[in-house]
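One structure is given here, and the rest of the page talks about it.
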Protein chains: 2
Amino acid sequence: MPVHILLIDDDANIRASLGMVLRQEGYTVSEAGSGEEALNSFHLHPADVVLVDLMLPGVDGFEVTRQLRRSSDVPVIVVSARTDTHDIVAGLEAGADDYLTKPVMAKELSARIRALMRRAMSTSREGPVICVGDLEIRPDAGTVHRGGVELALTRTEFRLLCELASRPGSVMDRPQLLNRVWGYDYFGDTRLVDVHIGRLRAKVERDPSRPEVVVTVRGLGYKLQGL
Amino acid sequence: MPVHILLIDDDANIRASLGMVLRQEGYTVSEAGSGEEALNSFHLHPADVVLVDLMLPGVDGFEVTRQLRRSSDVPVIVVSARTDTHDIVAGLEAGADDYLTKPVMAKELSARIRALMRRAMSTSREGPVICVGDLEIRPDAGTVHRGGVELALTRTEFRLLCELASRPGSVMDRPQLLNRVWGYDYFGDTRLVDVHIGRLRAKVERDPSRPEVVVTVRGLGYKLQGL
DNA sequence: AGGTTCGGTAACAGTTGTGTAACGGCTCGG
DNA sequence: CCGAGCCGTTACACAACTGTTACCGAACCT
């Protein structure tokens, strides 16, 4: 799941250069040139991090921050040309988590984003949940639920399932699975994967004799039936 | 409950002036002049926020930050004379939440502390009482009640329980628990955690032979049954 | 259909993980 | 100095998990 950043600045050049830096870091980026645009955009498609300039036409950066805070805990970083302590304090008081002054160093910006996300994640109550079909996989809790009941998977089964779930719908062959689940660097033939797939099915499938979730692709490997 | 700040700097003048600023803001402050002193102090009396200088004799600020992170989620702000982007990035990567360059503006420092505490407290502070199943845990009071009666836990048992309760439902593995409860670095295998889990269960579980609260996740660790 | 390959699964034995009892060291208060 | 409680280590028994093998049926090919 890519991390999404909303970038708010009225200067298209700055948006372009910051955007490029962020995209290179692997983030997806959407841009807004005004406060109104930003708030609308955020409502439609909430971001994981917001970068906001203070000087915006219309609704300024302070106000954008306050509005965001009203409905969201999203991490907000102010990026502004204004270096005055008064502005910094006002930005943070408005609800921002950090304040950077232009010109920003790319490395510093991304380090600060990482630090902030780390902090924001660590306090989030619920870990991520991966849903495949009627399965709910919680890598964090190490549990799999189906219809509210917890399935008792072993560690290997769980890792196998997670590995398959990391790319639902696409086939993974045996060497690949051996590598990623067992860490083996192994070619020859072993039925290891098959056996564990079988054990996994016994717990995961409604009717293990007719698999609907963990599907065999003959001659290739296995895949998770996306949906 | 007053907010407590640990201030680490080898320059007594800076400690004095920053300390004064912080005390005026209503914080209680303890000071340390070296990394070793700071880590010892933190272990004895954990702070709510840590301010650390980078240039320290012996264990430097980077290392202090890393060590703290190993056993705690405490908010850490680096306060350093070094303005180089490389240092900023390294500080944040080491686990710091923010990085300020000297000379620091008092107003900015306190605004950043407030912003960070707001973020850190937003969901992590469980309030005065954590309830798990029919257990009532009061971290401040150091007590656990079940059905109105107080359970007599030892300090270790209590910390273990609190640690598990900090993320109910999420599995915590043994190294993690060793770090956070005992402050150990992980060295090989020890049954220490298991034994104390057993002792904790003897007091906490209705039927210790069939645990419902402190649940084993084989191959991974233990978790508190959220409910 | 017959031969061949591939996948599913039962059985088993070896390995690993976990619960717990027991023991000695330590601290603290009398 | 002595006992009580707590802590960390060790040892052992038992349960759960793992990887291998063997056998069988299904799918594929000619």
Side-chain angles (χ1 to χ4, degrees), chain A residues 142 144 150-161 163-164 171-223 225, chain B residues 43-44 142 144 151-161 163-164 171-223:
Chain A
V144 180
E150 179 170 344
L151 306 175
L153 300 192
T154 70
R155 188 178 37 164
T156 309
E157 288 155 9
F158 186 73
R159 287 211 287 225
L160 188 55
L161 180 60
E163 202 48 58
L164 289 166
V171 183
M172 312 201 65
D173 61 22
R174 276 160 245 263
Q176 221 170 344
L177 289 169
L178 272 175
N179 248 325
R180 307 185 76 102
V181 176
W182 282 269
Y184 285 10
D185 242 7
Y186 181 65
F187 282 94
D189 57 278
T190 174
R191 314 299 314 289
L192 187 52
V193 176
D194 306 53
V195 172
H196 280 279
I197 288 283
R199 302 212 247 246
L200 179 58
R201 278 175 176 155
K203 296 179 181 176
V204 161
E205 299 285 351
R206 292 187 184 290
D207 176 7
S209 67
R210 242 174 352 98
E212 294 174 342
V213 180
V214 182
V215 184
T216 303
V217 181
R218 194 183 168 86
L220 293 177
Y222 300 93
K223 69 172 180 178
Q225 196 62 283
Chain B
H43 231 261
L44 284 171
V144 181
L151 303 175
L153 300 192
T154 69
R155 189 171 55 252
T156 308
E157 288 156 9
F158 185 72
R159 287 215 290 221
L160 187 54
L161 180 60
E163 203 48 59
L164 289 166
V171 181
M172 313 204 64
D173 59 22
R174 277 160 244 264
Q176 223 170 343
L177 290 169
L178 272 175
N179 274 334
R180 307 184 80 102
V181 177
W182 282 270
Y184 283 11
D185 280 348
Y186 177 62
F187 55 97
D189 58 285
T190 171
R191 314 299 317 288
L192 186 53
V193 176
D194 305 53
V195 172
H196 280 277
I197 288 281
R199 289 172 182 161
L200 179 58
R201 279 177 176 154
K203 296 179 182 177
V204 160
E205 298 284 352
R206 293 188 181 289
D207 176 6
S209 67
R210 201 129 26 78
E212 293 174 342
V213 180
V214 182
V215 184
T216 302
V217 182
R218 193 185 168 87
L220 293 177
Y222 300 94
K223 68 174 179 180

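Labels below follow one simple rule: chain letters A, B, ... track the order of the sequence lines, proteins then strands, and each chain is numbered from 1. Since the structure is predicted, the reported quantities are computational estimates derived from the model, not experimental observations.
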What's the CD-P distance between A:Glu157 and C:dT9, to the nearest Å? 13 Å
Is any side-chain N or O of B:Thr216 closer than 4.0 Å to OP1 or OP2 of C:dT18? no
C:dT18 P sits how many Å from B:Leu200 CG, rounded? 17 Å
Please report the distance, rounded to the nearest Å, between CG in B:Asp207 and P in C:dG19. 14 Å
For B:Leu153 and D:dC7, give me the distance from atom CG to atom C1', rounded to whole Å. 15 Å
Using only heavy-atom distances, determine whether the side chains of A:Arg201 and A:Thr216 contain a donor-acceptor pair under 3.5 Å. yes
Rounded to whole Å, the CZ-P distance (B:Arg210 to C:dG19) equals 15 Å
I need the CG-P distance between B:Leu160 and D:dC7, as an integer number of Å. 11 Å
Between B:Lys223 and A:Glu150 (salt bridge meaning N to carboxylate O under 4.0 Å), is one present in this structure? yes
Looking at A:Arg155 and C:dT16, is any side-chain donor or acceptor paired with a base atom of the opposite kind under 3.5 Å? no
Can you tell me how far P of C:dC6 sits from CZ of A:Arg218, to the nearest Å? 8 Å
Toward the 5' end of DNA chain C, by each residue's nearest nucleotide, B:Ser209 or A:Ile197: A:Ile197
According to a strict under-4.0 Å criterion, is A:Tyr222 in side-chain N/O contact with OP1 or OP2 of C:dG8? yes
Of the nucleotides D:dA26, C:dT9, D:dC7, which one has an atom closest to the side chain of B:Thr156? D:dC7
So, under a plain 3.5 Å distance rule, would you say the side chain of B:Arg199 forms a donor-acceptor pair with the base of C:dG19? no
Is a donor-acceptor pair below 3.5 Å formed from side chain A:Arg191 to base D:dG19, judging by atom type as modelled? no
Nearest whole Å is fine: how far is D:dC6 C1' from B:Phe158 CZ? 17 Å
Quick check for you: among D:dT21, D:dA27, C:dG8, whose closest atom lies nearest to any side-chain atom of A:Asp194? C:dG8
N or O in side chain of A:Thr154 less than 4.0 angstrom from D:dT18 OP1/OP2: yes
Measure distances between side-chain N and O atoms of B:Arg201 and base N and O atoms of C:dG19, and say whether any donor-acceptor pair falls under 3.5 Å. no
Side chains of A:Leu164 and A:Ile197 in contact at under 4.5 Å (non-hydrogen atoms): yes
By nearest atom, which of the nucleotides D:dA15, D:dT18, D:dG8 is closest to the B:Trp182 side chain? D:dG8
Taking atom CG of B:Leu220 and atom CZ of A:Phe158, what is their separation to the nearest 0.5 Å? 7.5 Å
Just wondering, do B:Arg180 and B:Met172 contact through their side chains at under 4.5 Å, heavy atoms? yes
